[in-house]
Protein chains: 2
Amino acid sequence: MADGTSERVRPRDRILETAQDMFHKHGIKGVGVDAITEAAGTNKMTLYRHFESKDDLIIECLRATASKAGAMWDAFETEYPGDKLAQLHAWVRKAAEMLSADSRGCDMANAAIELSETDHPARRVIKELKDAQRERLVNLCREAGVGQAELLADTLSLLLEGARVSLQSVGAEGPSAQFVRMAEGLIASFKAR
Amino acid sequence: MADGTSERVRPRDRILETAQDMFHKHGIKGVGVDAITEAAGTNKMTLYRHFESKDDLIIECLRATASKAGAMWDAFETEYPGDKLAQLHAWVRKAAEMLSADSRGCDMANAAIELSETDHPARRVIKELKDAQRERLVNLCREAGVGQAELLADTLSLLLEGARVSLQSVGAEGPSAQFVRMAEGLIASFKAR
DNA sequence: TCGTGAAGTTACAGATCGGTAACACCCTAG
DNA sequence: CTAGGGTGTTACCGATCTGTAACTTCACGA
């Protein structure tokens with residue numbers, strides 16, 4: 001049975017994949033390494049042979065999810081090569097899509113909230129990855145030909161971030177339901193300058 | 001010394017106050033009941049004489065913070081009696097103020113993220129309180145005379161929610177720095193219809 | 001075929017967690 | 001003065017947590 005837990009996948013990759021999923025669903029402090037290794041069809045010793053500590057695993061998971069998000073951006077360029085405005089609209093659609101399916105929000109933002117210790121090693125990684133995503137959205141807005149690209153990108157960022165957390169506190173019928181309308185309205189109003 | 005921990009304050013109130021503060025700073029799963037009672041200058045037994053469980057304490061803390069937020073709203077009405085538009089601007093200023101000082105975001109949203117169990121008793125309380133706050137902002141927008149009051153209120157909600165979480169992942173120099181500009185621009189554009 | 005290294009297994013250490021039992025204390029209302 | 005309720009203290013339970021040690025098993029390549 002190709003259930004992805006055993007098969008021909010290296011234990012390290014199974015652990016990484018399973019940890020991403022479980023951290024996302026139950027939160028970082030809500031899942032222990034025992035539960036991860038068991039779900040990954042392996043054991044604790046193997047985990048600690050591949051990762052220095054749980055914190056190290058957390059960081060690798062964050063990098064992996066950021067890498068997946070990066071692949072999404074590449075898909076926009078592939079689908080609408082050169083047409084940056086179309087890519088921006090695709091970004092909005094994709095964001096909205098994730099708002100309905102994935103109801104547990106952004107892993108990096110959630111981690112930033114959960115890991116309140118200011119010196120936690122994951123915090124600098126989170127900032128690093130989030131900063132990169134911000135720059136990418138700013139560039140997309142700029143190249144899409146809107147004035148005040150930074151302001152539009154930051155506004156869209158906050159809207160999406162807010163929608164993701166709102167989804168978790170009040171559900172899908174809350175303010176996040178209007179995300180697409182808000183985002184498209186903003187883009188239109190920034191375009192018209 | 002009136003440090004608020006002993007004095008003439010009932011143990012229950014000291015625990016509630018201390019727990020609010022510590023949950024806010026370190027997160028719910030990041031602080032144990034022992035730490036709370038010690039910081040409150042009392043002990044675990046006294047805590048469990050006043051609260052059924054830690055979950056019960058969490059819920060009472062959320063209600064208390066929501067009540068404080070409600071007091072802020074009343075202050076707006078007191079300061080600008082009848083002038084709903086001025087109250088809306090005051091809301092924006094207050095929100096921005098909390099974005100710089102209080103760097104750990106909204107307790108209810110943070111709790112919703114931390115308590116990922118869908119059947120956690122605090123979740124319904126969070127939704128209940130957040131829904132009430134939403135309704136209050138919608139009413140304020142409506143009475144301030146803007147068209148599409150719900151859409152403006154929801155957009156402002158998402159912006160603030162997003163700013164609060166962004167503050168924790170990328171810091172004060174991130175997108176949240178532009179919150180006032182975004183919010184005021186939105187209000188102006190909704191007014192001009 | 002044999003050796004090597006990765007992976008699985010079991011057991012454990014040490015700490016922390018939420019929650020409870022039993023008992024001593026002290027302030028205050030009657 | 002006295003009785004009682006709220007409080008403090010200590011010790012404990014059982015569960016769970018991260019992380020490690022020692023040993024066995026297995027697959028693969030020379």
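Labels below follow one simple rule: chain letters A, B, ... track the order of the sequence lines, proteins then strands, and each chain is numbered from 1. Everything quoted here is computed from the prediction, not taken from an experiment. Computed over heavy atoms, backbone and side chain alike; hydrogens, waters and symmetry mates excluded.
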B:V138: which other cluster members, linking ILVMFWY side chains closer than 4.5 Å, directly or transitively?
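Its cluster partners, ordered by chain and number, are none at all.
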State whether [X] and [Y] are salt-bridged, where the test is any N-O pair (Lys NZ or Arg NE/NH1/NH2 against Asp/Glu carboxylate O) under 4.0 Å.
X	Y	value
A:R136	A:E77	no
A:E161	A:R134	no
B:R123	B:D55	no

Which whole-number value in Å describes the distance from [X] [atom1] to [N] [atom2]?
X	N	atom1	atom2	answer
B:I15	C:dG19	CD1	P	14 Å
A:M45	D:dT24	CE	C1'	13 Å
B:D55	C:dC17	CG	C1'	13 Å
A:L47	C:dG8	CG	P	11 Å
B:E38	C:dT16	CD	P	12 Å
A:E52	D:dT20	CD	P	10 Å
B:Y48	C:dT20	OH	C1'	10 Å

Would you find more than 12 non-hydrogen atoms of other residues, nucleotides or ligands less than 6.0 Å from [X] atom [atom1]?
X	atom1	value
A:E135	CD	no
B:K191	NZ	yes
B:E38	CD	no

Between the side-chain atoms of B:K44 and the base atoms of C:dG19, is any donor-acceptor pair under 3.5 Å?
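Under the 3.5 Å cut-off, the side chain and the base do form a donor-acceptor pair.
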Does a donor on one side chain and an acceptor on the other come within less than 3.5 Å for B:S157 and B:D154?
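Looking only at side-chain atoms, B:D154 and B:S157 do not form any donor-acceptor pair under 3.5 Å.
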Does a donor on one side chain and an acceptor on the other come within less than 3.5 Å for A:S53 and A:D56?
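Looking only at side-chain atoms, A:D56 and A:S53 do not form any donor-acceptor pair under 3.5 Å.
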Contacts to DNA chain D from residues 115-123 of chain B, heavy-atom cutoff under 4.0 Å, which residues?
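Result for residues 115-123 of chain B: none.
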May I ask you to list the residues of residues 28-37 of chain A, by number, that have any heavy atom positioned under 4.0 Å from an atom of DNA chain C?
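Hits under 4.0 Å, by residue number: none.
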Report the residues that fulfil side chain to side chain contact (heavy atoms under 4.5 Å, CB included) with A:E114, sequence neighbours left out, ordered by chain and then residue number.
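Listed in chain order: A:I28, A:K29, B:E114.
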Who passes side-chain hydrogen bond (donor to acceptor under 3.5 Å, both in side chains) against B:K127, sequence neighbours left out?
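With sequence neighbours excluded, B:K127 shows a side-chain hydrogen bond (donor to acceptor under 3.5 Å, both in side chains) to B:D131, given in chain and number order.
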Can you pull every protein N or O that's under 3.5 Å from an N or O on nucleotides 4-7 of chain D?
from	atom 1	to	atom 2	distance (Å)
D:dT7	OP2	B:H50	NE2	2.9

